[in-house]
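Because the structure is predicted, anything quoted here is derived from the model rather than measured.
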Amino acid sequence: QVQLVESGGGLVQAGGSLRLSCAASGRTFRTYARGWFRQAPGKEREFVAHINWSATSTYYADSVKGRFTISRDNAKNTMYLQMNSLKPEDTAVYYCAAGSTYTTNQASYDTWGQGTQVTVSS
């Protein structure tokens with residue numbers, strides 16, 4: 001079993017940047033695909049980005065493409081989400097997730113972190 005802990009959230013002005021981290025412990029980190037999801041108030045949780053175990057493939061939601069960058073450092077058992085040009089509509093709780101399948105489908109991810117709040121002010 002993998003345990004995940006997110007950090008790096010906070011309050012930032014529109015146009016600013018934040019970098020989220022997701023530290024993993026437990027089973028071998030490299031065997032898992034990793035994803036970032038977010039949930040805004042009153043909305044369902046949605047896919048943001050994911051990365052395969054070797055970091056050779058990434059995929060982004062259209063809403064963040066060109067602004068967010070997902071990466072992972074298997075030596076540190078950590079995944080990152082660099083968020084640039086932030087917009088008020090990016091405000092949400094951001095969750096990292098781990099699964100055995102490289103997919104945008106939330107149901108395929110079997111381990112989730114507790115979430116970190118990102119608030120973007122206008």
Side-chain angles (χ1 to χ4, degrees):
Q1 186 69 22
V2 176
Q3 292 80 44
L4 304 174
V5 178
E6 302 98 333
S7 61
L11 173 64
V12 64
Q13 289 188 333
S17 299
L18 282 174
R19 189 176 81 155
L20 305 183
S21 297
C22 174
S25 60
R27 289 186 61 185
T28 305
F29 178 78
R30 67 171 62 191
T31 62
Y32 282 79
R34 291 285 186 274
W36 287 100
F37 296 81
R38 66 185 182 186
Q39 187 167 22
K43 296 186 177 181
E44 293 187 352
R45 189 165 59 190
E46 64 177 5
F47 168 78
V48 175
H50 66 172
I51 187 167
N52 67 344
W53 70 270
S54 61
T56 55
S57 184
T58 59
Y59 185 76
Y60 299 90
D62 287 343
S63 58
V64 306
K65 198 172 298 182
R67 299 188 298 121
F68 291 11
T69 302
I70 189 171
S71 62
R72 65 190 292 173
D73 184 338
N74 288 346
K76 296 182 178 180
N77 287 347
T78 302
M79 177 178 67
Y80 305 96
L81 186 68
Q82 178 66 43
M83 305 185 295
N84 298 329
S85 302
L86 283 161
K87 304 175 182 180
E89 51 263 44
D90 294 318
T91 294
V93 177
Y94 283 70
Y95 299 90
C96 66
S100 57
T101 304
Y102 181 55
T103 176
T104 61
N105 184 358
Q106 299 185 42
S108 296
Y109 289 84
D110 51 22
T111 303
W112 293 80
Q114 83 288 352
T116 185
Q117 177 70 47
V118 171
T119 303
V120 184
S121 63
S122 58

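- In this structure, Glu6 CD and Leu4 CG are separated by 7.0 Å, a value rounded to the nearest 0.5 Å.
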Legend entry - Verdict with supporting geometry, Gln39 and Tyr94, side-chain contact (heavy atoms from CB on, under 4.5 Å): CA-CA 7 Å; Gln39 187 167 22; Tyr94 283 70; over 6 Å; no
Inset, instruction - Would you check, one step at a time, whether the test side-chain contact (heavy atoms from CB on, under 4.5 Å) holds for Arg72 with Thr78? - result: CA-CA 6 Å; Arg72 65 190 292 173; Thr78 302; over 6 Å; no
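- Annotation for Tyr59: hydrophobic cluster partners, listed by chain and number, are Phe37, Phe47, Val93, Tyr95, Tyr102, Tyr109, Trp112 (ILVMFWY side-chain heavy atoms under 4.5 Å, direct or chained).
- Residues meeting the side chain to side chain donor-acceptor pair (under 3.5 Å) test with Thr91, sequence neighbours left out: none.
- Taking SG from Cys96 and OH from Tyr80, the interatomic distance works out to 12.0 Å, rounded to the nearest 0.5 Å.
- Under the salt bridge (Lys or Arg N to Asp or Glu O under 4.0 Å) criterion, Lys43 pairs with no residue at all, not counting sequence neighbours.
- Taking OG1 from Thr58 and CZ from Arg34, the interatomic distance works out to 15.5 Å, rounded to the nearest 0.5 Å.
- Side-chain atoms of Thr119 and Gln117, non-hydrogen and from C-beta on, do get closer than 4.5 Å to each other.
- Around atom CD of Gln13, no more than 12 heavy atoms belonging to other residues, nucleotides or ligands sit under 6.0 Å away.
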In residues 15-22, what donor-acceptor pairs under 3.5 Å come from side-chain atoms, sequence neighbours left out?
{"residue": "Ser17", "atom": "OG", "partner": "Asn84", "partner atom": "OD1", "Å": "2.9"}

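- Residues Val48 and Phe68 are in side-chain contact: their nearest non-hydrogen atoms beyond the backbone lie under 4.5 Å apart.
- Distance NE2/His50 to OG/Ser108: 10.5 Å, rounded to 0.5 Å.
- In terms of heavy-atom proximity, Ser122 sits nearest to Pro88 at CB-CG, 3.8 Å.
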Inset, instruction - Please lay out, stage by stage, how Gln3 and Val5 fare under the test side-chain contact (heavy atoms from CB on, under 4.5 Å). - result: CA-CA 7 Å; Gln3 292 80 44; Val5 178; 5.8 Å; no
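- Remark: Thr101 pairs with Thr103 by the side chain to side chain contact (heavy atoms under 4.5 Å, CB included) rule, at least two apart or across chains.
- Listed by first and then second residue, the salt bridge (Lys or Arg N to Asp or Glu O under 4.0 Å) pairs involving residues 84-99 are Arg38-Asp90, Arg67-Asp90 (not counting sequence neighbours).
- Looking only at distances, a side-chain donor or acceptor of Asp73 sits under 3.5 Å from a matching main-chain atom of Lys76.
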Legend entry - Pair Ile51-Trp36, side-chain contact (heavy atoms from CB on, under 4.5 Å): steps then yes or no: CA-CA 9 Å; Ile51 187 167; Trp36 287 100; over 6 Å; no
